[in-house]
Amino acid sequence: MPSASHCFSPDDPEGTGHCPVVWPRAIILVDMNAFFASIEQRDRPEWRGRPLAITNGRQGTCIITCSYEARAYGIKTGMRLKKARALCPELIQCPARPERYAATSAAIMEGLQDVTPDIEVFSVDEAFLDVTHCQRLLGTPLRMARLAKRKVFEASGVLCSAGVSGDKTTAKFAAKLHKPDGLTVIPPWEAAARLREVPVTELCGIAEGIGGFLAQHGVRTCGEVRHLPISVLARRFGNPGRRIWYMCQGRDPEKLQCEVPAPKSIGHGKVVPPATRDRELLLTYLLHMSEKVGTRLRRHGLQAATFFIGLRTAGGWVGGKLRCALPADDGREIMALCRRVMDEIWTGQGVHQVQVTALDPVPGGNQLELFDVLDEEQREVNAVMDEINRRYGEFALAPARLLGRSSMPNVIAPAWKPYGHRQTI
Amino acid sequence: MKFTIQRETLLKPLQQVVGVVERRQTLPILGNVLLNTTKKSLKLTATDLEVELQAHATVTITETGDITLPARKLLDICRTLPEAADIDISIKNERAQIRSGKSRFTLATMPADEFPVVEKIKSGRKLAVAQNDLRALIDRTAFSMAQQDVRYYLNGLMLEADNGTLRGVATDGHRLALCEFSLDTGDTTEQQVIVPRKGVQELHRLLEDDDAEVQVEIGSNHIRITTSALRFTSKLIDGRFPDYHRVIPKGADKSLVINREMLRQALTRTSILSNEKYRGIRLDISKNNLKIQAHNPEQEEAVEEIEVAFEHEPLLIGFNVTYLLDVLGAIQSPEVEVLLSDANSSALIHAPGMNECRYVVMPMRL
């Protein structure tokens, strides 16, 4: 590659000049550093530079994430608070504020739009940017990565690490090489060489399963994958297998998923006090979940005909998949299914958790019905309720029974997205 | 039991009844076919407890008796033996011996008295209809039946005898098909039953396209149809079919008349680029012109224009293209008339000037 080094030549170490080499593809991964903890430290200056652990409310005992200061003590995500306290007695426990994180994430994703519109929100604190088509406008990929880091900081006051390469996998690999506040560039023509000695399981998407399969074939590093016929992977894993073969050579063909794909299910669950046998209390929990699922279906114009209604007991899940006559988006109709589970399937066992999930929701309301069983009035009531709750907050207007609902805070899912059906907590 | 039968004489009735045997049964005996013999004939019966089929063969029986044999194995043996082969069947020590030329098979049996047979139909009412009329009735309506709908009474074909007319109605809640013909009978009592989906499909398979008369017997729990060679019995769906009169549009007065085959071809082409799941297309109807449009999530687009007879205010309406194609496949006439009122009301489709078959399709919101 004769002109490869030109972008990063000693004459132009910053890569700020106009790059004579346009990368055939240029992908940036932006990864926020200790995202939730960074937001808390930003909002509470007295916590800056101190070990901080985020838990789900005051009651939560599991560490969702922790600051870099806490990580220095060996504290990790998923660790129990008790164990963490043993490692670091001065650890600060901070209840999670999902709405705050969601708002910050949304602001960051909005800010990144200034770099490129081709953004895949990979998780609440990670985003891929396809800057292939911005090279003439904004300069080298390195320059755009710096711009992205600045946009993240301007939008949120939080630092991030960035990885730049010609494909998603290598960009993600690059991003984790220097943390926090890092920036690593692997030009596409160097990707294969840079990955050669890297164990395959270091790449995003290759875990023990595929790693074990490759190990059986005597392949441990990315470089060795090239010697394995692609058909071996294709036979075992299909197209994802072929993708792995390319990934390991720094040629991951995967495009950015810029649109949020239609959901396979929409569900909410909640842990109830251990071994709850109180029917009325369980009904309140189920109504709470039914209304949440109904609201969320309506917000995205979806409906579902099949729902999973589950009560987790010591002996496993009680309940199952239930169908309503027509696709529904109304909490009361979902609740009618819950009542069937309570009346017909539940036999009074102690319940630990309730779950209500709409399965295979589809954009609703397009095909008109011959026999109108839909209650037009209920539909209008729901529309008004949704509007009020959007302005005054979740359940500002709700069925009276929900006055007695659980006060356990909402949890943000890792798959949260700033728009679409995943914009929920 | 002992008899010799020619392969073809056994194969045809056996093939006719085996269709109803489920591949995996809950009761082992439902995988078997019942053989009843008299001196001059063999009767074969198969059932899945919902639909029962019985067929006959004329054959000289050396030694009469009744037994059940594994249905599919018997069929496969029979099918794979050479043409016109003679097959000897005899029962010895609860095993069936099947011999033909140098082939010998031993099959397990189960006693005939354990086989569930529907003998008499309660409070039967009898009608005589031409076989091809009944076949046409199913042909023109059955496609609109629901499939595994929670509204179980939609998963079948409603048959109605009413004032000297036999009428079939099927609907899945989005579209409805109605077809009727008059009966040569003085009996004007009203009766309405729902035949389950599987029964309708089996019956359609068995009816032939000739005008031979068949007996239809309608009871409170069963319907039985007897032809010269076959007896079909099906349980009925115990439910109330929705009031279909209410959904046949009365006020649809905007008439669109169009060549059926031209419309069918245009819709077939357009459907290629409609959303694979929702199958929506839009009809843009103006004076004597119909524009059909479809697009898919990849923003690919299909447009067709056809000359039609339409003399009303322009109308834009969406439909599931599959529903329209199904209707066009069921209508026989060279032209069809579509009666519309507005974009949110159902369309009535029929052959111009004929009311025996009527189809109602609800639109899709655009």
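In what follows, chains are A, B, ... by sequence order, proteins preceding strands, each numbered from 1.
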*On the 0 to 90° scale, with breaks at 30° and 60°, tag the Phe122(A)-Phe128(A) ring pair as parallel, tilted or perpendicular.*
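Geometry flag for Phe128(A) against Phe122(A): perpendicular rings.
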*Identify whether NZ of Lys or CZ of Arg in Lys270(A) sits under 6.0 Å from the centre of the six-membered ring of Tyr285(A) and within 45° of that ring's axis.*
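Judged by the rule (NZ or CZ under 6.0 Å from the ring centre, within 45° of its axis), Lys270(A) is not positioned above Tyr285(A).
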*Contact origin within Tyr323(B) toward chain A - heavy atom pairs under 4.5 Å*: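 For Tyr323(B), the contact with chain A is made by the side chain alone.
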*Proximal component of Asp172(B), with respect to chain A [non-hydrogen, under 4.5 Å]*: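 Contact with chain A: none, neither part.
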*Of all residues at least two apart in sequence or in a different chain, which pass the ring-ring contact (aromatic ring centres under 6.0 Å, His included) check with Tyr246(A)?*
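Here no residue qualifies.
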Return a table of donor-acceptor pairs under 3.5 angstrom between the side chains of residues 353-364 of chain B and protein atoms on other chains or two or more places apart.
unit_1    : atom_1 : unit_2    : atom_2 : d
Arg358(B) : NE     : Asn355(B) : O      : 3.1
Tyr359(B) : OH     : Arg140(B) : O      : 2.9

*asked:* Going by the rule salt bridge (Lys or Arg N to Asp or Glu O under 4.0 Å), which residues pair with Arg339(A) if we only count those two or more places apart in sequence or in a different chain?
replied: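 With neighbours one apart ignored, the set is empty.
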_If you count every heavy atom of other residues, nucleotides or ligands that lies below 6.0 Å from Gln148(B) atom CD, does the total exceed 12?_
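Not buried by this count: 12 neighbours or fewer within 6.0 Å.
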*Please list, in residue-number order, every residue in residues 152-160 of chain B that has a heavy atom less than 4.5 Å from any heavy atom of chain A; write 'none' if there are none.*
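Within residues 152-160 of chain B, near chain A: nothing under 4.5 Å.
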*asked:* Against Glu304(B), only a single residue in Arg269(B), Lys291(B), Arg282(B) fulfils salt bridge (Lys or Arg N to Asp or Glu O under 4.0 Å); can you say which?
replied: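 Among Arg269(B), Lys291(B), Arg282(B), the one that satisfies the salt bridge (Lys or Arg N to Asp or Glu O under 4.0 Å) with Glu304(B) is Arg269(B).
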